[in-house]
2 protein chains.
Amino acid sequence: MAGVTERTDQKDRASDPETTVTEGFERPLVTVDVVILTLRAGVLHTLLMKRGADPFQGTWALIGGYIHPQEDEDLEAAARRILRSKAGIDTPYVEQLQGFGDARRDPRGWTVTFAHVALIPSDTLSPRHGANAETVAWWPVDARAVAPPLAFDHARILAAAVTRVRNKVEYTSLPIHLLPPRFTLTDLQRVYEQILGRPIEKSQFRRRIAEANFLETVPGEFRQSSNRPAQIYRIKTGLSTIFFDRTI
Amino acid sequence: MAGVTERTDQKDRASDPETTVTEGFERPLVTVDVVILTLRAGVLHTLLMKRGADPFQGTWALIGGYIHPQEDEDLEAAARRILRSKAGIDTPYVEQLQGFGDARRDPRGWTVTFAHVALIPSDTLSPRHGANAETVAWWPVDARAVAPPLAFDHARILAAAVTRVRNKVEYTSLPIHLLPPRFTLTDLQRVYEQILGRPIEKSQFRRRIAEANFLETVPGEFRQSSNRPAQIYRIKTGLSTIFFDRTI
DNA sequence: CTAAGTTAGTTGCTAAATGACACGAAGTGG
DNA sequence: CCACTTCGTGTCATTTAGCAACTAACTTAG
């Protein structure tokens with residue numbers, strides 16, 4: 001069934017990775033795309049950009065760009081730079097999703113992209129009604145689908161990003177990246193519920209969060225409203241996303 | 001803090017993804033690497049190849065190659081072709097791990113690679129002692145480390161692959177890909193234990209597997225030995241990797 | 001032919017974890 | 001000061017994990 005080939009022949013040698021410059025094969029076009037997700041009024045939204053040039057001119061697409069070998073340290077740095085220059089978003093949570101590459105996603109030929117997911121705090125981005133209101137906009141991501149048809153295979157990438165986030169929310173503290181630095185436990189629970197699309201028992205939720213031990217109270221600070229004030233929490237310094245032992 | 005930029009300026013436009021051909025930026029070199037994992041005598045092993053040319057001539061490296069735009073449908077197809085041509089391994093379990101790319105991993109400059117993980121059944125590959133015994137070999141992956149120093153950032157990729165597999169084994173049926181098509185429940189339990197590095201309670205393990213409902217008995221077939229024969233199982237047709245509700 | 005040894009597979013029990021729910025606490029507004 | 005709302009915790013039935021014992025089915029030694 002499986003076995004090791006006898007020898008790498010001449011053709012194989014020529015196409016050895018990182019051995020010689022490719023011979024007879026064009027280098028695929030490499031891009032970096034970022035799926036930006038946030039919660040707006042309790043619904044997951046993504047930031048899309050209307051393409052200004054062919055292919056897919058006038059079609060909505062993910063925020064993306066090329067690697068700048070002179071500027072970019074690595075792939076994540078490239079994603080962060082693109083995020084900053086194209087969407088004006090600075091240093092949020094960015095993680096690589098996966099690569100997508102084939103012959104058909106771009107009419108110009110074989111291309112590859114490194115898809116990333118960026119999470120930004122709820123409602124910190126106000127929708128723009130200025131010069132670029134018509135080229136950059138938030139779109140709701142309801143039941144694993146967005147309203148507009150997307151360029152390239154971006155619908156597939158977006159779906160993969162949302163699936164990744166939904167799965168990861170089940171067993172990590174990922175939602176903290178969708179909240180401002182200080183929040184209440186009820187705020188956090190709402191985010192979990194909104195992304196997972198199902199209610200979570202309050203006492204169980206609080207038990208899990210307490211066990212995970214990644215939050216601390218801000219002593220003496222409470223969210224005031226027309227009822228019992230809620231304790232304000234923040235993430236313990238030095239901690240990032242926490243993995244729970246079990247599902248939330 | 002976060003906001004949408006006013007407009008994409010001239011420079012941004014020039015570097016718009018998939019809009020125009022890159023101007024002033026070289027295309028990074030694109031490769032596909034595969035971390036091949038199997039169990040040999042109860043220990044996780046990976047298949048490495050000694051590099052025949054610079055850079056890193058004579059150093060052990062992952063199996064990898066270039067994308068062939070004419071032949072390869074997509075990234076996974078490229079990984080499968082490389083697997084076949086370089087290691088003689090056909091259609092096993094292949095999944096993309098993630099992309100790695102920066103300016104320092106290859107002395108020739110900015111390169112990117114799409115790292116994949118391939119799992120192949122235990123002990124179906126006999127170690128070769130033929131012509132290429134010295135250029136292709138199995139290496140044990142013990143405590144998140146392999147014996148030889150690896151070329152490029154392959155040590156990091158290998159570590160990421162092993163971490164991914166270890167994590168995924170906790171809550172999926174991934175180990176079935178490390179077994180032949182027919183196996184006993186004890187075989188399967190052994191694989192889980194060997195990869196996770198801890199014992200699992202027999203009765204609990206069998207309960208979980210039964211609940212997950214992805215195996216079926218092969219009626220009348222038993223593994224014969226010098227004691228009570230064990231029922232042979234196979235994966236139900238049409239099912240691939242199953243996700244459990246809880247950890248194993 | 002039988003007893004000992006080994007692995008397969010199931011069952012039972014106890015302690016801990018989980019899920020559903022209720023109740024007291026702490027504020028506001030009429 | 002009473003009704004109302006949300007915060008936060010406590011209670012308890014049910015489920016699950018961890019452990020161990022037990023039966024089943026076979027081989028081999030004597």
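Each chain gets a letter, A, B and so on, in the order the sequences are listed, and its residues count up from 1. Any value given below was found using the heavy atoms of this structure, including those in side chains, with hydrogens, waters and symmetry copies removed.
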Residue among A:L48, A:V94, A:L47 satisfying side chain to side chain contact (heavy atoms under 4.5 Å, CB included) with A:I36: A:L47
Test item: B:Q96 side-chain N/O and B:F114 main-chain N/O as donor-acceptor pair under 3.5 Å: no
Between B:T241 (side chain only) and B:L174 (backbone N and O only), is there a donor and an acceptor less than 3.5 Å apart? no
Sole residue of B:H177, B:R164, B:H116 in side-chain hydrogen bond (donor to acceptor under 3.5 Å, both in side chains) with B:E95: B:R164
Is it true that a side-chain atom of A:Q231 and a backbone atom of A:E221 form a donor plus acceptor pair closer than 3.5 Å? yes
I'd like to know if the side chain of A:R40 reaches the main chain of A:P140, judged simply by a donor and an acceptor atom lying under 3.5 Å from each other, with no hydrogens or angles considered. no
Take the protein atom CZ of A:F222 and the nucleotide atom C1' of D:dT6, then report the distance between them rounded to whole Å. 14 Å
Do side-chain atoms of A:R166 reach the backbone of A:I195 as a donor and acceptor pair under 3.5 angstrom? yes
Round to the nearest Å and state the distance from B:Q231 atom CD to C:dT10 atom P. 10 Å
When you measure from the side chain of A:E170 to the backbone of A:T247, do you find a donor-acceptor pair of N or O atoms at a distance under 3.5 Å? no
Which part of the nucleic acid, if any, lies within reach of A:R206 when heavy atoms closer than 4.0 Å are counted: base, sugar-phosphate only, or nothing? base
Interatomic distance, A:R207 CZ vs C:dC21 P [rounded to whole Å]: 14 Å
For A:R246 and D:dT16, what is the distance between atoms CZ and P respectively, to the nearest whole Å? 10 Å
Length of the CD-P vector between A:E211 and C:dA16, whole Å: 15 Å
Near-strand residues of residues 182-205 of chain B, defined as heavy-atom separation under 4.0 angstrom from DNA chain C: B:T186, B:K202, B:S203
Tell me whether the side-chain N/O atoms of B:R208 come closer than 4.0 Å to OP1 or OP2 in D:dT16. no
Across nucleotides 24-30 of chain C, 5' to 3', mark each nucleotide with B, S or - according to how protein heavy atoms within less than 4.0 Å reach it. BBBBS--
Starting at CG of A:D245 and ending at P of C:dA17, how long is that distance when rounded to a whole Å? 11 Å
Under a 4.0 Å N-O cut-off, is there an ion pair linking B:E211 with B:R207? no
